[in-house]
Amino acid sequence: MRNLLSIDELDRDGLEEMLDLTEHFVEINRRNIPRVPALRGKTVVSLFYEDSTRTRLSFETAAKRLSADTMTFSVGTSSVKKGESLRDTVETITAFGIDAIVVRHQSAGVPLQITRWTDAAVINGGDGWHQHPTQALLDAYTIRDHLGSLHGRTIAIVGDIKHSRVARSDVSAFTALGARVILVAPPTLLPSSVTGWGVEVSHGLDRVLGSLDVCYLLRMQQERMSEALIPSLREYHRGYGLTMERAARLPAGAMILHPGPMNRGVEIQAEVTDLPNCFITEQVSNGVAVRMAVLFRLLGSGTQLDVLREEP
Ligand code: NCD
């Protein structure tokens with residue numbers, strides 16, 4: 001594995017292997033000093049052309065916990081403002097002598113494009129509506145951790161599927177791991193075709209609630225909508241928002257997940273986030289471990305796990 005551009009690069013065994021590797025980093029993150037020398041001397045750059053809180057900070061935390069050096073590129077304070085192209089930016093960063101670039105960009109395909117301009121490993125931190133592979137890994141990890149396996153589980157992905165790279169990556173990972181996936185959204189928030197996705201579709205959250213093992217909520221991505229696709233946010237909440245009343249109709253033990261950022265009162269009622277079966281902050285913590293696993297896999301000694309042992 002040289003880069004991580006799409007979750008489709010990992011088949012079922014590849015996914016399970018990454019989730020198994022993640023276990024080691026979850027354990028490291030619980031130590032008093034959550035740091036190992038695995039990537040000493042390596043440099044990881046975050047190149048974010050789009051806003052991010054969780055993904056950027058967790059990649060940087062992950063790199064630091066592996067003892068790598070980090071560099072952060074902020075579009076707003078860089079020479080991009082002076083008209084520098086993506087290619088020139090990548091070639092400049094590469095000239096510093098770096099080992100990995102984590103990239104987020106509003107256009108699908110940019111991470112792949114970047115692989116042609118650098119020798120560094122390229123990790124996709126989200127490209128347009130296309131892919132967000134580390135989100136899929138952390139979501140699959142969180143579900144497997146609580147339910148033992150995704151195999152045979154019913155997972156609803158609810159909301160703005162059309163504009164969601166998270167939905168596209170999660171569908172691939174969840175179905176590859178044997179889950180039954182139901183996309184729940186009004187027709188205007190679904191892609192024009194989901195043929196080949198291996199999913200079911202429902203236009204009513206109330207119809208599926210009682211059969212779910214996981215209820216995965218998405219944000220309404222209005223920054224990607226060129227027209228009004230729902231009558232109003234209040235109307236959306238009425239039909240598809242996870243209210244306390246709806247959460248009470250989920251089977252016992254069913255998990256509530258969300259990639260963040262949340263819009264409380266739209267896709268999720270504020271009080272729902274305090275329920276014991278809501279694992280949104282745990283997703284964030286697992287995100288650090290998953291990204292440590294990905295960086296270790298791409299830049300580390302691969303399967304040599306000795307370096308992860310706690311110092312006596
Ligand atoms: C998502 C993203 O940016 O794709 N957030 C994330 O990375 N956790 C989802 C979103 O923006 O709604």
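When a ligand or atom number is given, it counts from 1 through the structure's own listing order.
Cation-pi geometry between R104 and F48 is not met at under 6.0 angstrom from the ring centre and within 45 degrees of the axis.
A salt bridge links R144 with E23; the closest basic N to acidic carboxylate O contact falls under 4.0 Å. We find that E60 and K64 are not joined by a salt bridge, their nearest charged nitrogen and carboxylate oxygen being 4.0 Å or further apart. Using a cut-off of 4.0 Å between Lys/Arg side-chain N and Asp/Glu carboxylate O, R165 and D127 are scored as not salt-bridged.
Atoms of ligand 1 lying under 4.0 Å from at least one heavy atom of Q135, given by number and element, are 6 (C), 7 (O), 8 (N). Numbered from 1 in the order shown, with element, the atoms of ligand 1 that lie under 4.0 Å from a heavy atom of R104 read 2 (C), 3 (O), 7 (O).
For a threshold of 3.5 Å applied to N or O pairs, the pair formed by E223 and ligand 1 contains no separation below that value.
Looking at atom 6 (C) of ligand 1, its nearest protein heavy atom turns out to be G260 O, 3.5 Å. For atom 11 (O) of ligand 1, the closest non-hydrogen atom of the protein is R219 NH2, 2.8 Å. Looking only at heavy atoms of the protein, atom 7 (O) of ligand 1 is closest to H132 NE2, 2.8 Å. Scanning the protein heavy atoms around atom 8 (N) of ligand 1, the nearest turns out to be P259 O, 2.9 Å.
Relative ring orientation between Y216 and F174 is described as perpendicular, the plane-to-plane angle rising above 60° on a 0-90° scale split at 30° and 60°.
In this structure, R30 places its CZ atom where only 12 or fewer heavy-atom neighbours from other residues, nucleotides or ligands lie under 6.0 Å away.
Contacts of R165 with ligand 1, taken as heavy-atom pairs under 4.0 Å, involve the side chain alone. By the criterion of a heavy-atom distance under 4.0 Å, the side chain of V166, and not its backbone, is placed next to ligand 1.
The CG atom of L212 lies 6.0 Å from the CD1 atom of I182; values are rounded to the nearest 0.5 Å.
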